[in-house]
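So that the names make sense, note that chain A is the first sequence line, chain B the second, and so on, each numbered from 1. For the numbers below, each heavy atom of this structure counts, side chains included, while hydrogens, waters and symmetry mates do not. This one's a predicted model, so the numbers in the text were calculated from it and none came from an experiment.
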Number of protein chains: 2
Amino acid sequence: MALAQAIMTSLLDADLSGSELARDFEKSMGFFWQASHQQIYQELRKLSQKGWLNKREVNQTGKPNKILYGLTLAGRKALADWVYGPTRVQPTKDELLLKLYNLSEENAEHLIGEITQRREEVMQRLYLYETIRRRHYADPAALPVRHKGVYLALESGIHQGEQFLAWCDQALELLATV
Amino acid sequence: MALAQAIMTSLLDADLSGSELARDFEKSMGFFWQASHQQIYQELRKLSQKGWLNKREVNQTGKPNKILYGLTLAGRKALADWVYGPTRVQPTKDELLLKLYNLSEENAEHLIGEITQRREEVMQRLYLYETIRRRHYADPAALPVRHKGVYLALESGIHQGEQFLAWCDQALELLATV
DNA sequence: AGGTGCATGTAAAAAGTTACATGATTTG
DNA sequence: CAAATCATGTAACTTTTTACATGCACCT
């Protein structure tokens, strides 16, 4: 969909290798963009061929060599232009909600378990985001322009998480009566 | 991912044709599951071959014939069992948040426009959901078991929407200072 | 009779997932 | 030296999207 731009955006601040990008996607960008390392390596190759990225090998002590990718001028230009193009959303697909459509006396207990587990997962994620917010975005209005955007994306993730926790509580309450 | 189950779930209450299913997916299930009519027709064929759905042709006055699909006993069984299996989530991919990572003085105005537009879209969707809630789910605790689950899914959509509106306001406020 | 909308599909391409492969380097 | 981990990939498969195709029936 826009994996190319997601990768290039990750490279705005620093040059990264494929595996570093993969780890990054799981963390900071993870709540609104995901990509496996296999996808990333393939896309990196394409972007290099297009001339939007350059690469250089870096020797590491104690680890195998890695290949760092960085934005070229053409890459930065392409990314900046992309912002003005059409925007697509690929909404969530959540099997848990689908399962709820199949709620019965039989499976209620099982679904309560699943919701409880998800609540836990989301709470941990939320804790991570809150930590980042406190550490880096204590005073949003004072941030440099681009970081304001990053902050807003983070806020979106936090809002989403909090909303989900509230929903879990409501769901568990109603399911308790089944 | 679980398109088969999404389709079968839609057929729990009534037999539907391919195009009716496609319309349904845009509406009620749309906020947590999406599928194009092309996908649906292919999946319907597979499910019929598996013996989970049966089909019958219906003549219509003023319209071409349609083919109604309904759950077989085997289909209902398979769906009920599926609930106990592993649950996957495919989180949102949203280009708008990715674009925000690229915020600059240059493009701030454009992004304000995009957010405003999205806010409008979500508000209309939310209005639809609220209408459904008022009409069919005024007294959740009194609902038959399965409908409690449907109600909770709807609630999730409403929460999400409200959360998004709040985020938009916060974003627009911060962006106004860029 | 020609245009429009509905219902049903097929085919090809793109995107994403799953499974596997390889070399290098620390660690036990 | 065997096992574990990291970094980099390839190949096959599945899912999803995009583009196109067809027939029918109403409406003007």
J.: Can you work out whether W33(A) or L44(B) has the more 5'-proximal nearest nucleotide on DNA chain C?
T.: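 Comparing both residues, the 5'-ward one is L44(B).
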
J.: Mind listing the residues from residues 11-25 of chain A sitting with a heavy atom below 4.0 Å of DNA chain D? Number order is fine.
T.: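 Output list: S17(A), G18(A), S19(A), R23(A).
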
J.: In chain order, what residues pass the salt bridge (charged side-chain N to carboxylate O under 4.0 Å, His left out) check against R134(B), with sequence neighbours excluded?
T.: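 Listed in chain order: nothing, the list is empty.
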
J.: Using a strict threshold of under 4.0 Å (side-chain N to carboxylate O), is an ion pair present between D94(A) and K99(A)?
T.: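 D94(A) and K99(A): not salt-bridged.
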
J.: Specify the residues of residues 82-101 of chain B, ordered by number, for which at least one heavy atom lies under 4.0 angstrom from an atom of DNA chain D.
T.: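 None, since no heavy atom is under 4.0 Å.
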
J.: Expressed as a whole number of angstroms, how long is the span from L3(A):CG to dT16(D):C1'?
T.: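 Rounded to whole Å, this separation is 16 Å.
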
J.: Below 4.0 angstrom, N of the basic side chain to O of the carboxylate: do R56(B) and D15(B) qualify?
T.: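 Yes, charged N to carboxylate O under 4.0 Å.
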
J.: Reckon R45(A) has a side-chain N or O less than 4.0 Å from the OP1 or OP2 of dT10(D)?
T.: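 Yes, within the criterion.
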
J.: Using a 3.5 Å cut-off and no angle test, enumerate the donor-acceptor pairs between side-chain atoms of residues 21-34 of chain B and protein atoms at least two apart in sequence or in another chain.
T.:
{"unit_1": "Q34(B)", "atom_1": "NE2", "unit_2": "T92(A)", "atom_2": "O", "d": "3.1"}
{"unit_1": "Q34(B)", "atom_1": "NE2", "unit_2": "G30(B)", "atom_2": "O", "d": "3.4"}

J.: Assess, by modelled atom type and distance only, whether the side chains of E155(A) and Q170(B) contain a donor and an acceptor separated by less than 3.5 Å.
T.: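 Present: a donor and an acceptor within the cut-off.
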
J.: Please table the atom pairs, donor to acceptor, closer than 3.5 Å between any side-chain atom in residues 162-169 of chain A and protein atoms at least two apart or in another chain.
T.:
{"unit_1": "W167(A)", "atom_1": "NE1", "unit_2": "L152(B)", "atom_2": "O", "d": "2.9"}
{"unit_1": "D169(A)", "atom_1": "OD1", "unit_2": "R119(A)", "atom_2": "NE", "d": "2.9"}
{"unit_1": "D169(A)", "atom_1": "OD1", "unit_2": "R119(A)", "atom_2": "NH2", "d": "3.1"}
{"unit_1": "D169(A)", "atom_1": "OD2", "unit_2": "R119(A)", "atom_2": "NH2", "d": "3.1"}

J.: Does a side chain donor of either T9(A) or N102(B) reach within less than 3.5 Å of an acceptor in the other side chain?
T.: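 There is such a pair between these side chains.
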
J.: Rounded to whole angstrom units, what separation is found between the NZ atom of K66(A) and the C1' atom of dG23(C)?
T.: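 That distance rounds to 18 Å.
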
J.: Would you say Y129(B) and R125(B) are linked by a side-chain donor-acceptor pair, where the criterion is simply a distance under 3.5 Å?
T.: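 Result is yes, a qualifying pair exists.
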
J.: Can you check the E43(A) CD to dT17(C) P distance for me, whole Å?
T.: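 It is 13 Å, rounded to the nearest whole Å.
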
J.: Nearest whole Å is fine: how far is dT18(D) C1' from Q42(B) CD?
T.: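 Atom-to-atom, Q42(B) to dT18(D), this comes out as 13 Å.
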
J.: Which whole-number value in Å describes the distance from N65(B) CG to dC26(D) P?
T.: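 Value for this atom pair: 11 Å.
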
J.: Between residues 34-41 of chain B and DNA chain D, which residues have a heavy-atom gap below 4.0 Å?
T.: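 S36(B), Q38(B), Q39(B) - these, ordered by number, are the residues of the stretch whose heavy atoms sit under 4.0 Å from the strand.
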
J.: Is a donor on one side and an acceptor on the other found under 3.5 Å between the side chain of T72(A) and the backbone of W52(A)?
T.: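 Between the backbone of W52(A) and the side chain of T72(A) there is a qualifying donor-acceptor contact (under 3.5 Å).
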
J.: If you measure only the distance, is there a donor-acceptor pair under 3.5 Å linking the side chains of E95(B) and T87(A)?
T.: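 No, because no side-chain N or O of E95(B) sits under 3.5 Å from a partner of the opposite role on T87(A).
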
J.: Measure from the side-chain heavy atoms of I67(A) and tell me the nearest of dT16(D), dG9(D), dA7(D).
T.: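 Taking heavy atoms from C-beta onward, the closest nucleotide is dG9(D).
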
J.: Assess whether a salt bridge exists between R146(B) and D13(B), defined as any Lys/Arg side-chain N lying under 4.0 Å from an Asp/Glu carboxylate O.
T.: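 Here R146(B) pairs with D13(B) in a salt bridge, since their nearest N and O are under 4.0 Å apart.
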
